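Since the structure is predicted, the reported quantities are computational estimates derived from the model, not experimental observations. Proteins get letters first, then strands, A, B, ... in listed order; numbering begins at 1 in each.
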Amino acid sequence: MANQSPRVRFAPSPTGFLHVGGARTALFNWLYARRYGGVFILRIEDTDNDRSSSDMVKGILEGLQWLGLDWDEGPNVDGPHGPYFQSQRLTKYRLAIEKLVSTGLAYYCYCLPDELKRKREAAQAAGGSWRYDRTCLALTPEAIAAHETKKTPRVVRFKVPRGRTSFKDVVRGTIDIDNQTLEDFVLTRSDGSPTYHLSVVVDDIDMAITDVVRGDDHTSNTPKQVLLYKALDADLPRFAHVPLIFGSDKKRLSKRHGATSVSDYQFRGYLPDAMVNFLSLLGWSSGDDQEVFTRDALVQAFSLEGINSGKAIFDHDKLAWLNGQHIRLMSAEAIINHIESFLRKAGVWHDSYATAGNKRAWLGCVVDLLKARVRYLEDFVEYGQPFFVNTVTYDPEAVTKRLLVPGLREYVVALKNAYTQLDQFDSDSLERTLRAVAEAQNIKAGILMHATRIAVSGRMVGPGLFEMIELIGRERTCERLDELRKFLAD
RNA sequence: GGCCCCGUCGUCCAGCGGUUAGGACACAGCCCUUUCAAGGCUGAGACCGGAGUUCGAUUCUCCGCGGGGCUACCA
């Protein structure tokens with residue numbers, strides 16, 4: 001399909017964090033570049049200089065890094081088309097403007113903002129719409145000279161030609177509009193800084209971008225940019241506008257919907273691969289019914305043609321499910337690397353876990369045992385309590401529901417004695433022994449299992465009882481059985 | 001208001017003139033089972049409405065309705 005190696009870009013404004021919508025746009029660009037052996041460029045659009053500190057950029061970079069979306073050119077990665085901050089590319093915009101003004105494709109406008117606002121509001125009050133009336137296009141050379149000597153603030157406006165403008169969009173098809181619906185938009189502000197339309201087009205041309213993949217909120221503005229490409233005598237890139245992401249109330253995703261920054265998901269215990277998988281499914285499909293994708297599978301399956309045109313709603317349930325799927329796909333070793341920070345925070349990390357050896361292997365076994373019932377990384381902390389803490393506390397509900405059995409104390413003592421003498425402390429032996437004890441005591445095995453579960457974990461639910469006991473070990477298990485014995489004595 | 005885009009189960013997607021409208025999440029039931037999960041099976045659940053075009057429309061066209069975007073010296 002692509003007859004040249006694609007060059008795509010993600011061009012966020014530095015807002016301090018990476019929004020999930022932006023993350024998905026970045027992901028689509030990244031996938032496309034990786035799929036076709038292209039180049040993924042990160043460009044920071046910080047022309048709105050008011051607040052564009054390096055701190056603001058940091059959040060974006062960290063978000064992309066966490067997701068594993070590495071860029072080939074951009075901040076911290078030199079390339080042939082730098083710099084990659086728009087605030088450092090001002091000369092390029094000025095050159096473009098000079099060209100446009102000198103060829104008559106753009107012109108200076110000395111109208112004051114207040115004046116424009118008044119006209120606009122007046123027109124709207126009268127029930128109509130208003131477009132810039134080209135007052136300054138009609139200025140005489142003398143009037144212009146007068147403004148210049150007075151140093152009237154001036155902006156540069158693009159002179160929108162008559163006619164129609166159309167472009168092909170990979171996801172929307174051909175879009176065609178009448179230029180009369182456009183006004184002579186501003187290219188350069190009165191302080192000399194470029195507006196979005198100018199900087200984005202100049203940069204995309206300069207960086208030889210072949211495919212512009214961005215949010216649907218830019219579709220309506222694309223005709224203006226198409227006009228600029230033509231005015232600058234450049235070939236059009238291919239456009240692909242991806243549908244926006246909405247919250248569960250069908251409103252555009254915002255802070256009100258809870259976590260909207262990818263870092264929120266990082267701290268909540270989501271896996272980057274699960275997030276990437278989930279985001280990829282929002283507005284894109286491989287064409288078949290596959291839902292769970294590894295990163296590599298995604299790269300292989302991705303195409304811009306697979307992007308669909310309807311809106312997408314962010315479904316936390318499905319994300320959580322996918323997270324569980326990806327956790328189950330991972331090796332215990334890989335999971336340990338991801339949960340270390342959570343275990344540390346909970347105070348249950350042990351230095352011996354850090355290096356290869358018995359303890360780390362043991363932790364791996366715990367992880368494998370818990371894996372199937374986990375949705376979030378931090379669940380390992382919660383579900384792993386019985387393995388990590390020294391003393392267990394009994395869930396009150398478990399006590400009333402499972403421990404009010406006459407004679408239970410005797411059974412527990414019998415089990416503890418049997419376990420103390422066991423040759424092999426493995427799950428099979430443990431189960432056989434427990435069942436034998438139950439039979440000898442003439443009770444159902446379930447009664448003793450429930451009690452034992454509470455003794456070792458404090459809870460009614462959890463992993464397979466005997467696998468759990470095996471990992472907790474004879475010493476701690478017998479201690480806990482003894483604790484239960486004392487508890488039952490009261 | 002004007003311009004543009006979108007409209008299949010509650011949600012995410014498949015469908016690209018003829019299908020019992022398919023899959024996934026969530027939901028319900030069953031199986032498995034010491035519990036909870038995981039896993040398996042089953043069930044319920046959708047083509048926004050109206051005109052056309054056609055032998056035949058979820059699919060193509062138009063109108064309406066609904067939703068969204070843009071309409072700034074924000075991006």
Side-chain angles (χ1 to χ4, degrees), chain A residues 11-13 15 45-48 50 109 111-113 116-117 120 123-124 126-131 153-157 169 171-173 175-178 180-183 185-197 199-200 214-224 241 243-244 246 248 250-252 278 281-292 306 308-322 324-325 328 370-375 379 383 398 402 431 434-435 444-454 457 459-466:
Chain A
S13 299
T15 52
E45 310 225 322
D46 55 351
T47 55
D48 183 21
D50 285 356
C109 170
C111 295
L112 273 3
L116 294 172
K117 195 178 166 197
R120 194 177 306 274
Q124 279 163 357
S129 60
W130 188 82
R131 279 182 288 282
R154 67 184 191 187
V155 301
V156 175
R157 285 183 185 273
D169 188 290
V171 342
R172 317 245 160 229
I175 292 176
D176 176 83
I177 61 118
D178 189 331
Q180 290 193 41
T181 63
L182 267 26
E183 72 173 351
F185 52 97
V186 172
L187 297 175
T188 304
R189 303 185 188 99
S190 51
D191 66 358
S193 65
T195 61
Y196 167 69
H197 296 303
S199 58
V200 81
R214 66 205 338 181
D216 184 44
D217 47 341
H218 292 291
T219 309
S220 298
N221 280 325
T222 302
K224 294 176 188 170
H241 288 98
L244 266 16
F246 295 81
S248 49
K250 295 183 166 62
K251 295 281 189 254
R252 201 171 166 176
F278 175 70
L281 259 24
L282 243 37
W284 172 84
S285 116
S286 62
D288 59 28
D289 288 331
Q290 188 175 352
E291 305 258 17
V292 180
N308 61 270
S309 49
K311 48 124 184 63
I313 290 174
F314 197 95
D315 180 3
H316 288 88
D317 280 337
K318 189 141 187 179
L319 205 211
W321 173 77
L322 270 173
Q325 293 296 312
R328 257 145 254 147
L370 299 176
K371 223 163 126 174
R373 59 208 79 226
V374 155
R375 290 213 128 178
D379 289 344
Y383 299 169
R402 296 276 158 84
E431 176 161 10
L434 183 143
R435 288 187 188 281
K444 288 166 79 176
I447 291 175
L448 192 49
M449 289 188 199
H450 292 317
T452 306
R453 176 179 294 286
I454 293 165
S457 75
R459 307 169 198 185
M460 288 190 289
V461 301
L465 179 60
F466 304 104

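Nucleic acid contact for A:Arg214: none, since no nucleic acid atom lies under 4.0 Å from a heavy atom of the residue. Contact annotation for A:Pro463: base contact, defined as any heavy-atom pair under 4.0 Å involving a base atom. Within 4.0 Å (heavy atoms only), A:His241 reaches no atom of the nucleic acid at all. Residue A:Ile313 is classed as a sugar-phosphate contact, given heavy-atom separations below 4.0 Å to backbone atoms only. The residue A:Val155 sits close to a base: some heavy atom pair falls under 4.0 Å. Residue A:Leu182 is out of contact with every strand shown, counting any heavy-atom pair closer than 4.0 Å. In this structure, A:Gly464 reaches the bases: a heavy-atom distance under 4.0 Å links it to at least one base atom across the strands shown.
Between A:Arg375 and B:A26 there is a side-chain polar atom (N or O) within less than 4.0 angstrom of OP1 or OP2. Contact check, A:Arg459 against B:C36: no side-chain N or O comes under 4.0 Å of OP1 or OP2. Between B:A75 and A:Thr15, no contact under 4.0 Å exists linking OP1 or OP2 to a side-chain N or O. For B:C13, one of the phosphate oxygens OP1 or OP2 lies less than 4.0 angstrom from a side-chain nitrogen or oxygen of A:Asn308. Taking 4.0 angstrom as the limit, A:Arg154 places none of its side-chain polar atoms (N or O) nearer than this to OP1 or OP2 of B:C73.
For B:G2, its base never sits under 3.5 Å from the side chain of A:Thr181 at any donor and acceptor pair. For A:Ser190 and B:C73, a side-chain-to-base donor-acceptor distance below 3.5 Å is present, hydrogens and geometry of angles not being considered. Judged by atom type and distance alone, A:Gln290 does not reach the base of B:G23 through any side-chain donor-acceptor pair under 3.5 Å.
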Next on the checklist: Pair A:Met449, A:Arg435 - check side chain to side chain contact (heavy atoms under 4.5 Å, CB included), show working.
Outcome noted: CA-CA 9 Å; A:Met449 289 188 199; A:Arg435 288 187 188 281; 3.3 Å; yes

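For the pair A:Lys318 NZ and B:C25 C1', the interatomic distance rounds to 5 Å; values are reported in whole Å. When rounded to the nearest whole Å, the span between CZ of A:Arg131 and P of B:A72 equals 10 Å. Remark: C1' of B:C12 and CG of A:Leu244 are 16 Å apart, rounded to the nearest angstrom. Protein atom CZ of A:Arg373 is 13 Å distant from nucleotide atom C1' of B:C32, rounded to whole Å.
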Protein-nucleotides 18-22 of chain B N/O pairs closer than 3.5 Å?
none

Review item, nucleotides 5-7 of chain B N/O atoms under 3.5 Å of protein N/O:
unit_1 : atom_1 : unit_2   : atom_2 : d
B:C5   : O2'    : A:Arg172 : NH1    : 2.6

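Shown here, B:A24 forms a base pair with B:U11; the pair counts as Watson-Crick or G-U wobble because both key distances fall under 3.5 Å. The partner of B:C60, taking Watson-Crick or G-U wobble pairs whose two distances both stay under 3.5 Å, is B:G52. Across all strands shown, B:A38 remains unpaired; no Watson-Crick or G-U wobble contact has both distances below 3.5 Å.
Residues A:Thr195 and A:Gln325 each lie close to RNA chain B; by heavy-atom proximity, the contact nearer the 5' end of the strand is made by A:Gln325. Of the two residues contacting RNA chain B, namely A:Phe246 and A:Ser286, the nearest-nucleotide position lying further toward the 5' end is that of A:Ser286.
Comparing B:C4, B:G10, B:A37 by their closest approach to the side chain of A:Ala372 singles out B:A37. Relative to the side chain of A:Val461, the nucleotides B:C36, B:G1, B:C13 differ in distance, and B:C36 lies closest.
For A:Glu291, the side-chain hydrogen bond (donor to acceptor under 3.5 Å, both in side chains) partners at least two apart in sequence or on another chain are A:Lys318.
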